[in-house]
Amino acid sequence: MMEQEWTRDYHAWAGTPPEVQPRFDLAVPRSACPQCSHPIAWYENIPVLSYVALGGKCSACKSPIGIRYPVVELVTALFFASAATHYGTSVTTVAWCTFSSLLIALFLIDLDTQLLPDDLNYLLLWLGISIALLGWSIPLASSLYGAIFGYLSLWSVTKLYYLISGKVGMGNGDFKLLAALGAWFGVEYLFALILLSSLVGSVIGGLLLVSGKLANKDIPIAFGPFLAGAGLVAMLVGPANLQQWAPFAFPLGAQLH
Ligand SMILES: [Zn+2]
């Protein structure tokens, strides 16, 4: 959908006639097997259960269904359960379920494409500020300062690095993502989130090195997955536990969640 939008934007900008694009959105076309185009019935589309029932194969052509589908579904369920454990039966739980869905999507999209789409980053940012405004999470000021300093901290480091080295170390998407995380956790958590993203980066980088997928150490890796991973780890651990277990990561003091 976003690629179609980029093509339309390009033609509008270049003043060239737009291409004819088939309708492609969340409703149309219906999900289909990428191998044989067999339309997927609703009962073949139930998270995890359908994958198990179908034995991991398309019901029509028997080609294998990617393991990524049930894994993403299971991981999402784990985060939903974690939100329910931390916040019980409340609207805050629903908010954090949305948070984890968006971050899992951002994590995987950035790993695949090195892009953090604005559509998801801004949605995450505005939702974080909105739920603070509604009184469902942290004080509004903490959320707003989190967004502002989340953006500015990475932006200024990247500008400085560019002045010194002439290389662009991080993209705009990374600034927006840390701004969004700041809006959800509050300004007090920014330092802890940056520390956590370095930790997540070391683990992912180490795994890539060990698995041989990172043969050339000079290949740039996107920072977005580490930031998204940090947000997910912080949510899983629970903001309150994070303060308790790693007080050194809270030089500004802490805001109770
Ligand atoms: Zn098929």
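We count ligands from 1, going down the list as the structure has it; atoms in each ligand are counted the same way. Values below: all heavy atoms of this structure, side chains included; hydrogens, waters and symmetry mates excluded.
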Are F191 and F248 close enough that their ring centers fall under 6.0 Å? no
Any chance the rings of F250 and Y189 have centres within less than 6.0 Å? yes
Do any protein N, O or S atoms sit under 2.8 Å from the Zn ion (ligand 1), and which ones are they?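 Listed by chain and number: C33 SG, C36 SG, C58 SG, C61 SG.
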Residues pairing under side-chain hydrogen bond (donor to acceptor under 3.5 Å, both in side chains) where one sits in residues 29-44, two or more places apart or in two chains, turn out to be H38-E44, H38-S59, E44-S59
What residues form a side-chain contact (heavy atoms from CB on, under 4.5 Å) with L207, not counting sequence neighbours? V203
V200 and A230: which non-hydrogen atoms are nearest, and at how many Å? CG2-N, 3.9 Å
Sequence neighbours excluded, which residues qualify as salt bridge (Lys or Arg N to Asp or Glu O under 4.0 Å) partners of D119?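 Partners of D119 under the salt bridge (Lys or Arg N to Asp or Glu O under 4.0 Å) test: none.
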